[in-house]
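All values below were derived from every heavy atom in this structure, side-chain atoms included, with hydrogens, water molecules and symmetry-related copies excluded. Residue numbers begin at 1 in each chain, while the letters A, B, ... track the order of the sequences.
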Amino acid sequence: MSNTLTAKKESIISYLKETFNDVGNVTLFAFRFFKEVIKPPYEMKEFIKQCYVIGYKSLPLVTITGFIMGLVLTLQSRPTLAKFGAESWLPSMVALSLIREIAPVITALICAGKVSSGIGAELGSMKVTEQIDAMEVSAINPYKYLVVTRILATTLMIPLLVIYADGIGVIGGYIGINIHSDVNFHRYLAQVLESITFLDIFPATIKTFFFGFFIGMIGCYKGFNAANGTESVGKAANSAVVTASLTIFIIDMLAVQITDLFF
Amino acid sequence: MTQEKTNVELNALATVNDPVIEIKELYKSFGTNEVLKGVNLTVKKGENLVILGKSGSGKSITIKCIVGLMGIDKGEIKVFGSDITKMDNSELNKIRVRIGFLFQNAALYDSMSVRENLGFTLMRHAKDLTAEEVENQIKEILESVGLSEAIDKMPSELSGGMRKRIGLARTLILKPEIILYDEPTTGLDTITSREISELVLEIQKKYKTSSIIITHDMACAKHTSDRLMILKDGVIHAEGTYDELEKSDDEWVRSFFI
Ligand SMILES: Nc1ncnc2c1ncn2[C@@H]1O[C@H](COP(=O)(O)OP(=O)(O)OP(=O)(O)O)[C@@H](O)[C@H]1O
Ligand SMILES: [Mg+2]
């Protein structure tokens, strides 16, 4: 009886230890980024390549999801607003919810699935096949070449993708409205622009930089620390997606509190 | 601190006959798995040392410790006379550019073509080279491993033997003074194996390198070795020339040569 209890206690303690260890390692990994990002040499070519891979190659996916977001949001909101006779508010409401919340979070989640797992799998397989060791023994800093460039690229590209998704979402919303009524695009756009203020855009954009940073950081961390053996590549990719998605929700929650505090 | 400094300076003046690699009482374990339990070995300048040993005996670990890829538990590893286990990263990197490391599975950069694989290291360490000089050196080194035609191929388009050669070319491009070969011929047919062994000997002569060669291939061992060592139970179990070990009294040692 007491034996199983001690065993349980020990397993809980070892689990906690592991979790704290993990959190500590991620923190160190992230701090290393700020230390290395300012030191030359700057891997400009790899950075630009990563911007292309992460940003440009995600465009089709973000276009489709952004469009559907706008369309569905409009169609779903319409009955509720109609109940209060507030259908004319539809463009404003769709634009505001898109820009403040839906586009940043959904786009970030999509990118967690595509980009974070991609980075996790790529670096994981480089780790497993000793390519990262090969860089190290030829006196090239793999953290700088692989990690810094990717984190910078995601931090820069995710906000741009979100802004793009905002735009596509607004177009989706226009089509959604036109399914039931006939609205001129200029009037629609004017109404949208009128309802958006700086305070809607600014905090929403700031948080997307954090989304981008963590999407890159978590993918890199998981890949860089993949264990030996090919199955760990899949594990790295998988846990990158899960951790990054969870982190996005947590940042989103914190962002809402902080925005409330200041604005 | 000053004591250490003078030591390093003295070591720089070391004579030609001094060992380029000197490992003393090296211990390394992973959790409860004690892999190395007091390895002692030296590599003299210009010498090819072959290390034999069963799979999992810790051969790869030993040479990974030499380039500082792995922390050690206890012991001393002197390369060019200075202890690499006490170095910080920038000192270690100065040693690393003088050592070539051929990985067991070549470890070519998958996302880069053969040209980029070779240029990647070169451009970062010889910054004053023009693009043309880089290109010329890449072509020259590819020619010396006999794979000039593969320059624009991706690693995924190469066969196992070709990958080994490109890996070797990548190792050679910085003109290292020491080369650590991890199973250069494993998984290759006998003819290709012999060619690679030839290449290893040629490199030794042409570039005056000192090497450690890990292998299971006794033909390669016989061909390339000046001296052999056999790793068993975490220590060097036997040492000698190929002929000496082949006639050893120890039956276990002889069993490698059948
Ligand atoms: N990163 C690691 N983590 C934990 N254990 C490891 C690690 N690398 C190697 N080992 C263990 O160390 C031992 C020696 O491994 P090593 O790769 O040096 O063997 P080897 O002699 O090169 O064998 P082979 O001839 O098969 O390549 C093995 O038991 C292996 O399980
Ligand atoms: Mg090995």
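- Considering OH of Y109(B) and CD1 of I140(A), their distance stands at 5.0 Å, rounded to 0.5 Å.
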Using atom types as modelled, flag every donor-acceptor pair under 3.5 Å from a side chain in residues 168-175 of chain B to any protein atom, sequence neighbours excluded.
from: R170(B); atom 1: NH1; to: A107(B); atom 2: O; distance (Å): 3.1
from: R170(B); atom 1: NH1; to: N117(B); atom 2: OD1; distance (Å): 3.2
from: R170(B); atom 1: NH2; to: A106(B); atom 2: O; distance (Å): 3.3
from: R170(B); atom 1: NH2; to: A107(B); atom 2: O; distance (Å): 2.9
from: T171(B); atom 1: OG1; to: G167(B); atom 2: O; distance (Å): 2.6

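- In K235(A), the NZ atom is not crowded: 12 or fewer heavy atoms of neighbouring residues, nucleotides or ligands sit closer than 6.0 Å.
- Under the side-chain contact (heavy atoms from CB on, under 4.5 Å) rule, D110(B) has a single partner from E122(A), M126(A), Q131(A), which is Q131(A).
- Here the side chains of T129(A) and F103(B) are not in contact, with every heavy-atom distance at 4.5 Å or above.
- The environment of CD in E143(B) is sparse: at most 12 heavy-atom neighbours from other residues, nucleotides or ligands sit within 6.0 Å.
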Worked verdict on N105(B) versus E130(A) for side-chain hydrogen bond (donor to acceptor under 3.5 Å, both in side chains): CA-CA 8 Å; N105(B) 297 308; E130(A) 298 179 311; 4.8 Å; no
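- L92(B) does not touch chain A: none of its heavy atoms, backbone or side chain, sits under 4.5 Å away.
- Atom CZ of F210(A) has 12 or fewer heavy atoms from other residues, nucleotides or ligands within 6.0 Å.
- More than 12 heavy atoms of other shown residues, nucleotides or ligands fall within 6.0 angstrom of atom OH in Y42(A).
- How far CZ of F101(B) is from OG of S138(A): 11.0 Å, rounded to the nearest 0.5 Å.
- Between E116(B) and K45(A), none of the side-chain N atoms (NZ, or NE/NH1/NH2) sits under 4.0 Å from a carboxylate O, so this pair counts as no salt bridge.
- For residues 55-73 of chain B, the interface with chain A (any heavy-atom pair closer than 4.5 Å) comprises K64(B), V67(B), L69(B), sorted by residue number.
- Other residues, nucleotides and ligands contribute more than 12 heavy atoms inside 6.0 Å of the OH atom of Y207(B).
- Atoms CG and OG, from N141(A) and S90(B) in turn, are 11.5 Å apart once rounded to the nearest 0.5 Å.
- If you measure heavy-atom distances from E46(A) to chain B, you find no contacts under 4.5 Å at all.
- Annotation: side chain of R124(B) is in contact with side chain of Y145(A) (closest heavy-atom distance under 4.5 Å).
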